[in-house]
2 protein chains.
Amino acid sequence: MPRRDSSQAAPRAHRPQLNRVYAAIADPTRRAILAALAGGELNVGSLAGRFPISFNGVSKHVKVLERAGLVRRRVRGREHWLRLRPEPLREATRWLEHYREFWEARLDALEALLVGTRGRRP
Amino acid sequence: MPRRDSSQAAPRAHRPQLNRVYAAIADPTRRAILAALAGGELNVGSLAGRFPISFNGVSKHVKVLERAGLVRRRVRGREHWLRLRPEPLREATRWLEHYREFWEARLDALEALLVGTRGRRP
DNA sequence: ATAATATTCTACCGATCGGTTGAATGATAA
DNA sequence: TTATCATTCAACCGATCGGTAGAATATTAT
């Protein structure tokens, strides 16, 4: 699969993979699935056993995580073994960090300006 | 508004605010709105002028960002001025960072174990 | 060969989403 | 007062979402 080089300074806006990653981790069940997978590889069945929803529900969540690139599937016989793929998280973190720092710096500067202009503020 | 103390070591799973933040930034239009707001306060109209969707569409996106706590609204007369609120991003970043580091360490350890066991690997 | 197991596929449900349109509200300007 | 402007509200649309149930597929066990 041809993968776009992600080592750019300013993150672009329209990256479907980034959309998918954020959408994937927006669901608490999927975050819990990722946390469960942090303990090591699991097949779909034993993973599903840890959640209060149906097997098929978990299977669908896994597919969402897979499309986001956060989970990799290794089929061996009739069992599908799932393992984490943290690479996309790195990009997602980078985007967040980039903007968070930028915004906080901007807002801090603005507040400093206001303080300097009209005195301190509770 | 009573706000939960968010200075805990291990991020919990069911935090609706976190869900809302990730869901909010999963949409590229909303990320672009945040980026536009990084340039300073804007009212809904001038913000909407920068996007190829309807005024009402932008207004709805702003409401989503507001419910996620990422945007604050200050009504002055008939204009609503919007400004960034980066605090929720800090929590969102913290969660991502926490898990990313944990997972990468785990997977690196696993890979090292495999390499040590059965020799090098392409 | 037959049965049990692990999993996906298909179809459905109600809820939410992104988006539009048109009407309503409220503040300013003439 | 009467327009005009900035904005939300309410209703709608088709698409997607989280979830369930049941059928289909393939692998393993008897």
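In the text below, chain A, chain B and the rest are named by the order of the sequence lines, each starting its count at 1.
- In this structure, the CZ atom of R20(B) is 16 Å from the C1' atom of dC17(C), given to the nearest Å.
- OP1 and OP2 of dG18(D) both lie 4.0 Å or more from every side-chain N or O belonging to H61(A).
- Comparing F55(A) and R78(A) along DNA chain C, the residue whose closest nucleotide (by nearest heavy atom) sits nearer the 5' end is R78(A).
- Checking side-chain atoms of R83(A) against main-chain N and O of R72(A) turns up no donor-acceptor pair under 3.5 Å.
- Remark on DNA chain D: of its neighbouring residues D27(A) and S46(B), the 5'-side contact belongs to S46(B), judged by nearest-heavy-atom nucleotide.
- Separating the CZ atom of R30(A) from the C1' atom of dG18(D) is a distance of 8 Å, rounded to the nearest angstrom.
- If you find the closest nucleotide of DNA chain C to K60(B) and to N43(A), the one lying nearer the 5' end belongs to N43(A).
- Using a 4.0 Å cut-off, no side-chain N or O of R76(B) falls inside it from OP1 or OP2 of dA27(C).
- One atom, NZ of K63(A), and another, P of dG19(D), lie 14 Å apart when rounded to the nearest Å.
- To the nearest angstrom, P of dT7(D) lies 6 Å from CD of E79(B).
- Contact check, S54(A) against dT20(D): a side-chain N or O comes under 4.0 Å of OP1 or OP2.
- Put simply, the side chain of Q17(A) gets close to the backbone of A68(A): a donor and an acceptor are under 3.5 Å apart.
- Of the possible polar contacts, none joining the R67(A) side chain to the A24(A) backbone as a donor-acceptor pair under 3.5 Å is found.
- Relative ring orientation between Y22(B) and W95(B) is described as perpendicular, the plane-to-plane angle rising above 60° on a 0-90° scale split at 30° and 60°.
- Atom-to-atom, CG of N56(A) to C1' of dA24(D) comes out at 12 Å; the value is rounded to the nearest Å.
- To the nearest angstrom, P of dG18(C) lies 12 Å from CZ of R31(B).
- Within 4.0 Å (heavy atoms only), G57(B) reaches at least one base atom of the nucleic acid.
- For the OP1/OP2 pair of dT8(D) and a distance below 4.0 Å, the side-chain nitrogens and oxygens of H80(B) include at least one atom meeting the criterion.
- N19(A) has its CG atom 12 Å from the P atom of dC17(D), to the nearest Å.
- Looking at R31(B), its side chain does come within 3.5 Å of a backbone N or O of I25(B) through a donor-acceptor pair.
- Straight-line distance from the CZ atom of R67(B) to the C1' atom of dT16(C): 10 Å, rounded to whole Å.
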